[in-house]
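Okay, so here's the structure we're looking at.
All values derive from a computational prediction rather than experimental measurement. Every number for a ligand or one of its atoms is a count from 1 in the order of the listing.
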Amino acid sequence: MISIAPGISYYPGYWNAAEQAALVAELRVVLKLAPLFTPTMPKTGKPFSVRMTNCGMLGWVSDREGYRYQEHHPLTGEPWPSIPLMVREAWEKIADYPHDPEACLINYYGPQAKMGLHQDRDEQDFEAPIVSFSLGDTAIFRIGGTERGGKTTSLKLHSGDALVFGGPARLVYHGIDRILAGTSTLLGREGRVNLTLRRVNKP
Ligand code: MD3
Ligand code: FE
């Protein structure tokens with residue numbers, strides 16, 4: 001583990017190659033039950049370049065009505081599938097938080113997808129950390145401070161890496177500048193999957 005700033009723990013290569021393949025197999029089951037959807041921006045309805053789905057009791061969605069967590073898939077109306085056991089066990093190991101995650105947001109980036117700098121503040125509970133896992137192509141991740149317009153630095157996230165953002169880092173600005181297409185063969189196609197495990201409500 002490498003501490004890259006107060007509240008940010010970086011675990012390069014947290015999952016080995018066999019574990020990454022097992023995780024992808026678990027995610028294929030989740031994606032069959034809860035297909036990727038294209039979120040849209042509040043008010044404007046502009047589509048995100050990232051496609052998403054969720055597993056867990058709650059899932060994050062965005063549409064013209066706004067950003068929110070809800071119990072059902074926006075297209076199928078079904079409850080989200082459960083979070084794979086190996087992912088829940090990883091949270092137990094590295095989150096340093098005594099309650100289970102409620103949401104696991106699954107982001108899929110095609111080779112052209114990106115995510116602008118933002119804060120994650122749709123949760124009620126900022127005491128819990130957010131844990132992220134990267135799979136597939138390498139991404140250029142940008143991270144700033146808690147104020148918009150502050151200094152930022154970038155970090156390459158590789159397949160198998162884990163990051164924990166807690167305490168003073170829970171409300172930092174962050175985003176994905178770009179995907180380095182073709183840097184991994186794990187997914188059997190170009191692109192990147194990111195999982196973020198979240199606590200939404202206060203325990
Ligand atoms: C720091 N995802 O889903 S993961 C997101 O790679 C999101 O898909 C990016 O930002 C991705 O909201 C970045 C790393 C991450 C996730 C959530 C954080 C860093 C964070 C929340 C607070 C602070
Ligand atoms: Fe985020």
Side-chain angles (χ1 to χ4, degrees), residues 2-12 14-15 23 27 36-39 41-42 48-56 58-62 66-69 80 83 87 90-91 94-97 101-148 150 152-181 183-184 187 191-200:
I2 300 166
S3 177
I4 60 178
I8 309 181
S9 303
Y10 179 40
Y11 295 80
Y14 179 81
W15 305 105
L23 187 45
L27 292 175
L36 291 169
F37 60 91
T38 301
M41 287 297 290
F48 285 42
S49 61
V50 179
R51 293 194 295 149
M52 299 179 175
T53 189
N54 294 268
C55 51
L58 293 170
W60 188 86
V61 302
S62 178
Y67 305 137
R68 64 190 173 276
Y69 283 91
W80 304 105
I83 301 174
V87 175
W91 165 277
I94 64 178
D96 189 27
Y97 185 79
E102 295 175 289
C104 175
L105 174 61
I106 303 169
N107 293 330
Y108 172 71
Y109 296 76
Q112 304 296 336
K114 52 193 166 47
M115 188 179 287
L117 271 186
H118 65 277
Q119 290 175 302
D120 287 23
R121 47 185 320 150
D122 300 323
E123 302 76 24
Q124 302 297 316
D125 185 6
F126 298 141
E127 303 292 310
I130 289 185
V131 174
S132 140
F133 300 111
S134 295
L135 293 169
D137 284 340
T138 302
I140 314 276
F141 175 61
R142 183 164 297 280
I143 180 144
T146 53
E147 309 286 336
R148 181 173 282 290
T152 66
T153 55
S154 77
L155 179 69
K156 271 188 194 177
L157 296 181
H158 296 96
S159 193
D161 291 355
L163 278 162
V164 182
F165 299 84
R170 175 62 182 76
L171 290 171
V172 298
Y173 279 87
H174 59 278
I176 294 291
D177 288 348
R178 70 185 197 99
I179 302 300
L180 304 180
T183 46
S184 164
L187 305 180
R192 169 175 181 264
V193 172
N194 181 262
L195 307 181
T196 46
L197 291 167
R198 299 140 185 270
R199 188 72 213 176
V200 179

#### Entry: Donor-acceptor contact present, side-chain Thr152 to main-chain Gly144, <3.5 Å
no
### Message
Within a 6.0 Å radius of atom CD on Gln119, are there more than 12 heavy atoms belonging to other residues, nucleotides or ligands?
### Response
yes
### Task
Starting from the Fe ion (ligand 2), look over the N/O/S atoms of His174 and name the nearest one.
NE2
### Flag for Ser132-Asn194: side-chain donor and acceptor within less than 3.5 Å
yes
Are there any protein N or O atoms under 3.5 Å from the N or O atoms of ligand 1? List them with distances, or say none.
residue  : atom   : partner : partner atom : Å
ligand 1 : 3 (O)  : Asn107  : ND2          : 2.9
ligand 1 : 3 (O)  : Arg198  : NH2          : 3.2
ligand 1 : 6 (O)  : Arg192  : NH1          : 2.9
ligand 1 : 6 (O)  : Arg192  : NH2          : 3.1
ligand 1 : 8 (O)  : Asn107  : ND2          : 3.0
ligand 1 : 8 (O)  : Tyr109  : OH           : 2.5
ligand 1 : 8 (O)  : Asn194  : OD1          : 3.3
ligand 1 : 10 (O) : His118  : NE2          : 3.1
ligand 1 : 10 (O) : His174  : NE2          : 2.9
ligand 1 : 12 (O) : His118  : NE2          : 3.2
ligand 1 : 12 (O) : Asp120  : OD1          : 3.3
ligand 1 : 12 (O) : Asp120  : OD2          : 3.0
ligand 1 : 12 (O) : Arg198  : NH2          : 3.1

### Task
Evaluate side-chain contact (heavy atoms from CB on, under 4.5 Å) for Asp120 paired with Leu171, printing each intermediate quantity in order.
CA-CA 7 Å; Asp120 287 23; Leu171 290 171; over 6 Å; no
### Query
Which is it for Asn54 and Trp60 under the side-chain hydrogen bond (donor to acceptor under 3.5 Å, both in side chains) test, yes or no, and what are the steps along the way?
CA-CA 7 Å; Asn54 294 268; Trp60 188 86; over 6 Å; no
### Message
Restricting to N, O or S, what is the name of the atom of His118 that lies nearest the Fe ion (ligand 2)?
### Response
NE2
### Message
Would Asp125 and Tyr97 count as a side-chain hydrogen bond (donor to acceptor under 3.5 Å, both in side chains) here? Give the steps.
### Response
CA-CA 12 Å; Asp125 185 6; Tyr97 185 79; 2.9 Å; yes
### Atom pair CG/OG of Leu163 and Ser134 - distance to nearest 0.5 Å
7.0 Å
### Shortest-distance N, O or S atom of Asp120 relative to the Fe ion (ligand 2)
OD1
